[in-house]
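Reading through the structure tokens given below for one structure.
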Amino acid sequence: MQQYKEIIFATSNAHKVAEVDLIFQMPSIKLRSLKDIKFTKEIVEDGHTFRENALLKVQAIAKEGYTNIIGEDAGLEVEALNGEPGIYSARYSGEPVNHARNIQKLLKNLEGATNRKARFVSTVCFMDEGIISYFEGYIHGEICMTETGKKGFGYDPIFKPNGYQYTFAEMEDQLKSSISHRYKSFTELAKYLRSKNPQ
Ligand code: ITT
């Protein structure tokens with residue numbers, strides 16, 4: 001039976017690592033980040049979908065000789081903007097990545113819009129000795145008129161999930177990590193791993 005002792009999480013985003021540490025409670029698995037394996041090259045994310053970009057992250061690390069790898073591509077889709085910024089969420093307002101500028105651009109593009117519905121998407125790609133599987137997670141909510149809160153990252157200060165009166169950036173880390181798009185995709189991955197490796 002396959003044992004998953006060590007899995008590389010192909011991300012350089014420390015917030016994602018912290019969130020996944022809260023979500024992914026599997027004692028038999030040690031998640032190692034790119035920082036842990038001292039991988040510092042840039043991974044070019046030029047795919048056309050979340051899946052393609054998640055796979056590119058996995059492939060970049062597979063080239064280094066690792067076999068069990070997670071890549072996640074995530075983003076925000078705004079209904080009134082036809083799904084923008086989507087896969088371009090990180091670089092919505094250009095290079096270098098700047099979350100404050102991205103938020104300003106999004107709020108400007110939504111000026112006057114009555115439909116402020118949006119969703120976060122998380123697509124996880126897992127490579128397991130060459131076998132590729134994908135897991136998706138979504139959370140629906142709306143884009144606020146202004147920024148509120150200092151926690152989290154990215155668009156968190158302007159995203160209010162449905163059923164809550166405050167933004168992701170105002171929530172305790174534990175709460176965001178129990179309802180988010182990332183919670184859903186990584187919980188699906190955890191189920192898959194448990195089914196292959198009962199504890
Ligand atoms: P890696 O590629 O190294 O994993 P990244 O931050 O570049 O890290 P993504 O390519 O998945 O990650 O970028 C997605 C962007 O979408 C990210 O920069 C944020 O702007 C936004 N985003 C994704 N998840 C988010 C979340 O939980 N809260 C707020 N914004 C998020």
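Below, each value reflects all heavy atoms present in this structure, side chains not excepted, and no hydrogens, waters or symmetry copies. Starting from 1, each residue takes its place in the sequence as its number. Remember, it's 1-based here, ligands and their atoms both numbered in the order they're listed.
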Candidate pair I69 and F126, rule side chain to side chain contact (heavy atoms under 4.5 Å, CB included), full reasoning:
CA-CA 6 Å; I69 308 163; F126 177 55; over 6 Å; no
Test side chain to side chain contact (heavy atoms under 4.5 Å, CB included) on E6 and L31 and set out the steps.
CA-CA 6 Å; E6 192 173 89; L31 271 189; over 6 Å; no
Please report the C-alpha distance between V44 and L56 in whole Å, then the side-chain angles of each, then the deciding distance to 0.1 Å, and finally whether the side chain to side chain contact (heavy atoms under 4.5 Å, CB included) criterion is met.
CA-CA 8 Å; V44 179; L56 286 169; over 6 Å; no
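Under a 4.0 angstrom heavy-atom cut-off, G75 registers as being in contact with ligand 1.
Under the side-chain contact (heavy atoms from CB on, under 4.5 Å) rule, L110 has a single partner from L81, I158, N115, which is L81.
Taking any N or O of N102, backbone or side chain, none lies under 3.5 Å from an N or O belonging to ligand 1. Considering backbone and side-chain N/O of E45, one or more are found under 3.5 Å from N/O of ligand 1.
Protein heavy atom nearest atom 27 (O) of ligand 1, with residue, atom name and distance: K176 NZ, 2.7 Å. Closest to atom 25 (C) of ligand 1 among all protein heavy atoms lies F153 CZ, 3.4 Å. Here the protein heavy atom with the shortest distance to atom 28 (N) of ligand 1 is D156 OD1, 2.6 Å. For atom 6 (O) of ligand 1, the closest non-hydrogen atom of the protein is N13 ND2, 2.9 Å. Residue, atom and distance of the protein heavy atom nearest to atom 21 (C) of ligand 1 are Y155 CD1, 3.9 Å. Of all protein heavy atoms, the one closest to atom 14 (C) of ligand 1 is A74 O, 3.0 Å. Nearest protein neighbour of atom 3 (O) of ligand 1, counting heavy atoms only, is S12 N, 2.9 Å. What sits closest to atom 4 (O) of ligand 1 on the protein, heavy atoms only, is T11 OG1, 2.6 Å.
Contact annotation: the side chain of Y183 never approaches that of L22 to less than 4.5 Å [non-hydrogen atoms, C-beta and beyond].
Less than 4.0 angstrom separates some heavy atom of H99 from each of these atoms of ligand 1: 18 (O), 20 (O). Listed by number with element, the atoms of ligand 1 under 4.0 Å from a non-hydrogen atom of H181 are 24 (N), 25 (C), 26 (C), 27 (O). Shown in contact with D73 at under 4.0 Å from a heavy atom are these atoms of ligand 1, numbered in order with element: 9 (P), 10 (O), 11 (O). Atoms of ligand 1 found under 4.0 Å from any heavy atom of K57, numbered from 1 in the order shown, are 1 (P), 2 (O), 4 (O), 9 (P), 10 (O), 11 (O).
Shown here for A90 and V97, the closest heavy-atom pair between the two residues is O-CG1, 3.4 Å. F9 and E72 make their closest contact through CE1-CB, 4.1 Å (heavy atoms, listed as atom of the first residue, atom of the second, distance).
Defined by atom type and a distance below 3.5 Å, a donor-acceptor pair is present between the side-chain atoms of T123 and E136. Side-chain contact check for Q165 and E170: no donor-acceptor pair (N or O, by modelled atom type) lies under 3.5 Å.
Connection of V58 to F50 is not established within any shared hydrophobic cluster, with ILVMFWY side chains joined at heavy-atom distances below 4.5 Å, either directly or through further cluster members.
When R182, E72, K16 are checked for heavy-atom proximity to atom 12 (O) of ligand 1, K16 turns out nearest. For atom 16 (O) of ligand 1, the nearest non-hydrogen atom from the set P157, S89, P85, S177 comes from S89.
When non-hydrogen atoms are compared, ligand 1 lies under 4.0 Å from neither the backbone nor the side chain of F168.
Within 6.0 Å of OH in Y138 there are more than 12 heavy atoms belonging to other residues, nucleotides or ligands.
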